[in-house]
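If you're wondering where the values come from, they're calculated on a predicted model, not measured in any experiment. One-based numbering along the sequence shown.
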Amino acid sequence: MSETGITASLHFPQLDRSIPSQPGESVFQSARRHGVRIVGACGGRGTCGSCIVQVSAGEVEHVALGSEGEERPAKRWIRACRVRARGDLVVEIAPRSLAPVARPELATGAGDEPLETDPAVTSRDVVVPAPSLADPASDADRVRRALACPQASFDLTVLRTLSGELRQADGALRVRLRGEEVVDVAAHGRRALGLAIDLGTTNAAGFLLDLDTGLRLAGLGIENPQTAWGADLISRLNHAVAGPTQASELREAALAAVNALAHDLAHAVGASTADIVDVVIAGNTAMHHLLIGLPVRQLGRAPFVAATRDGVDAKARELGVAVATGAWVHVLPNVGGFIGGDHVAALVASESRWGAQRTSVVMDIGTNTEISLIYDGEIRSASSPSGPALEGGHIGCGMRAADGAIERVGLDPEGRLVLRTIGDEPPVGLCGSGVIDALAALHRARIVDDRGRLAPHHAVVVSDGSQRAAQLAPGVVFTQADVRAVQLAKAAIRTALDLLLDEAQLRAGEIDAFVIAGSFGAYIDVASAVAIGLLPDIALDRYVQVGNAAGLGVRMALASRGARARAAELARRCRPLELTTRGDFQKRFVQNIGLPADLSFASEVTAS
């Protein structure tokens, strides 16, 4: 195939879809280019082993990490990133790649009650008198007079359609104003909609608001298409700096998520994307830069300098966001390094939880974990490149939170493992909460020791000759490599927290309120997280799980200019700390890799 230069066809029977594969492309690359989802936490570099497929017909060329050869697999699982087609193939995808998301990023810790409104875009219904020979004023001037705003300006695209809209509506217009700029005109009574998006590393959550009432009309969560280039930020940044084509691929992927959310949410309420007249987006610094086309080369290398920390306002059409053509997009400000606008939004949304306390922590656990320590009015912030292990990435049987994902692992009174899956479906993999529970339960049962080693002679431990694994269910194992991945991830997070506390000369026991933000954080068992050393051993009633606080914060910023200003103020107050420059970072990190032998909290890790 690669030798002849002939394009092959890859058929995916589970999707009833065929795609072309170009010469030299791996199966994974071909699937990514055509939007066929195959889990690949490392972005196709061959380091994670999660992109497994089964070639049931056809011949492939196997690409080993250090050499090449030929192989004709006979109904066995292989890595899609390590094989190229030598002709037409029939490819079966692993069930955990196909499972639909069961837990979109919509749980914001608040109901659907209207938010306080002071939107950046307001609507005014006016009746514009028809022109006459006695008053031949321009259409724009007559609209200005009807608004009683002689200094009003018009977006050029609005001006191009104004005359037609005015006559079609017999002068009865709903004018949408952003300050003194007319950004849209429509018929009387047409709703003005706003779109709020939490653009996360792994998932993107969108919320549609009625700007007049602050009411949330609809919400939707989807996977960030950028995950095809790697589950972690560094993989994506390394791809982006390879050249303008690669940077454009990542920008277009983020933009595709934004536009998909705009389209689907508008249609869910019987509206058009043209009715969306204001957009607010929050994301970490990498998402912020990639979406709006800022350079990221300097961001991906120490000292991790952002092109700007400021909030950015740009015309939607300039960014390629498919909403009302005169609309603006506001991207919330960053703190610095990888501490982004999503964390700022979480601080805004959770302020009622931490604002009255002397010492508080706000932690958003994810692929990039962001932590703020608030002490005596000062905010110290840090980010931890925890990687995707705690969300199921870089885990051999890891998967997103979908039906069949193991979400709870506990012990029964006899010490046997007890599992619970999302949707009560047969287990096909482990999602993030299940990953944390699995390690906690295996450690409590002494199947994993304090150093993280799987016991060699235990009923649930199996070996394939290269490594041991705990058999959780048929076809679902938790390997020694998985244990190490979780240990490294939790050590990175815990070290960041410990060093923030050291900076403030505080101990963990002095934390009055510990706010766990993020949709993933809403589902973890706090006792399990404490049991593996991810979270400090403090009274469990000091922890509060607030769901996707970033999603609520970005909704607040959309509904209210006051919240938008508060986000800018908090971003300026945060003092970002680059913890890896500390001389004791490595020592503390190594200390945090092990699993706690003794805990003081009075709770058991059980299946619920």
Just to verify, what does [X] make a side chain to side chain donor-acceptor pair (under 3.5 Å) with, not counting sequence neighbours?
X	value
Gln226	Arg236
Glu25	Ser30, Arg33
His11	Ser18
His330	Asp313

**Report entry** Geometric cation-pi criterion Arg555 and Phe207, 6.0 Å radius, 45° cone
**Finding:**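 Yes, cation above the ring, under 6.0 Å and within 45°.
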Ignoring hydrogens and geometry, is there a side-chain-to-backbone donor-acceptor pair from [X] to [Y] under 3.5 Å?
X	Y	result
Arg309	Val335	yes
Asn334	Gly341	yes
Gln471	Ala473	yes
Thr495	Ala492	no
Thr285	Gly337	yes
Glu92	Val55	no
Glu370	Ser384	no
Lys490	Asn592	yes
Arg251	Leu291	yes
Glu59	Leu89	no

Using every non-hydrogen atom in the two residues, find where [X] and [Y] come nearest and quote the distance to one decimal.
X	Y	answer
Cys397	Val477	SG-N, 3.6 Å
Asn224	Gly200	ND2-O, 2.9 Å
Ala345	Val554	CB-N, 3.9 Å
Pro333	Ala571	CG-CB, 3.9 Å
Phe478	Leu454	O-CD1, 3.9 Å
Asp310	Thr308	N-OG1, 3.1 Å

Query - Residue pairs passing the side-chain hydrogen bond (donor to acceptor under 3.5 Å, both in side chains) test where at least one lies in residues 271-281, sequence neighbours excluded - result: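 Counting only pairs at least two positions apart or across chains, the side-chain hydrogen bond (donor to acceptor under 3.5 Å, both in side chains) contacts touching residues 271-281 are Arg190-Asp275, Asp278-Arg564.
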Query raised in the report: So which pairs with a foot in residues 294-303 pass side-chain hydrogen bond (donor to acceptor under 3.5 Å, both in side chains), sequence neighbours left out?
Result: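 Every pair satisfying side-chain hydrogen bond (donor to acceptor under 3.5 Å, both in side chains) with a residue in residues 294-303: there are none.
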When you check the side-chain N and O atoms of [X] and [Y], is any donor under 3.5 Å from an acceptor?
X	Y	value
Ser528	Asp437	yes
Thr325	Thr157	yes
Arg32	Gln29	no
His343	Ser372	yes
Ser433	Asp525	no
Thr479	Asp482	yes

To the nearest 0.5 angstrom, please state how far the [atom1] atom of [X] sits from the [atom2] atom of [Y].
X	Y	atom1	atom2	value
Ser383	Ile339	OG	CD1	5.0 Å
Ile532	Ile436	CD1	CD1	5.0 Å
Met287	Asn368	CE	CG	9.5 Å
Tyr523	Arg408	OH	CZ	10.5 Å
Met363	Ile516	CE	CD1	7.5 Å
Leu290	Leu199	CG	CG	9.0 Å

With side chains defined as the heavy atoms from C-beta onward, is the minimum distance between [X] and [Y] less than 4.5 Å?
X	Y	value
Leu472	Leu430	yes
Leu299	Val305	no
Ile78	Val53	yes
Val60	Arg86	no
Arg17	Val36	yes
Val331	Ile292	yes

Query raised in the report: Is there a side-chain contact (heavy atoms from CB on, under 4.5 Å) between Val321 and Leu255 once you walk through the steps?
Result: CA-CA 7 Å; Val321 177; Leu255 185 60; 3.9 Å; yes
Run the side chain to side chain contact (heavy atoms under 4.5 Å, CB included) test against [X] and tell me which residues pass, sequence neighbours left out.
X	result
Pro426	none
Asp88	Ala8, Ser9
Ala247	Ala240

Report task. Name all residues meeting the ring-ring contact (aromatic ring centres under 6.0 Å, His included) criterion together with Phe304; count only those two or more places apart in sequence or in a different chain, and write none if there are none. Result ->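 Here the qualifying residues are Phe338.
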Query - Asp198, Asp342, Asp364 screened by side chain to side chain donor-acceptor pair (under 3.5 Å) with Asn548, the one that passes - result: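 Of Asp198, Asp342, Asp364, side chain to side chain donor-acceptor pair (under 3.5 Å) with Asn548 is met by Asp198 alone.
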Query - Residue pair Ile93, Leu15: steps toward the side-chain contact (heavy atoms from CB on, under 4.5 Å) verdict - result: CA-CA 9 Å; Ile93 304 172; Leu15 305 175; 4.1 Å; yes
Query raised in the report: Should Ile406 and Val409 be marked as a side-chain contact (heavy atoms from CB on, under 4.5 Å) after you check the CA-CA gap, both sets of side-chain angles, and the distance that decides it?
Result: CA-CA 7 Å; Ile406 297 172; Val409 182; 3.6 Å; yes
When the side chains of residues 257-269 are checked against the rest of the protein, which donor-acceptor pairs come out under 3.5 Å, sequence neighbours left out?
unit_1: Asn259; atom_1: OD1; unit_2: Ala322; atom_2: N; d: 2.8
unit_1: Asn259; atom_1: ND2; unit_2: Gly320; atom_2: O; d: 3.1

**Report entry** Sequence neighbours excluded - salt bridge (Lys or Arg N to Asp or Glu O under 4.0 Å) pairs with any residue from residues 314-341
**Finding:**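 Output for this query lists Asp155-Lys315, Asp155-Arg317, Glu181-Lys315.
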Report task. Starting from the C-alpha separation in whole Å, work towards a yes-or-no answer on side-chain contact (heavy atoms from CB on, under 4.5 Å) for Ile524 and Gln545. Result -> CA-CA 9 Å; Ile524 67 170; Gln545 294 165 275; 3.8 Å; yes
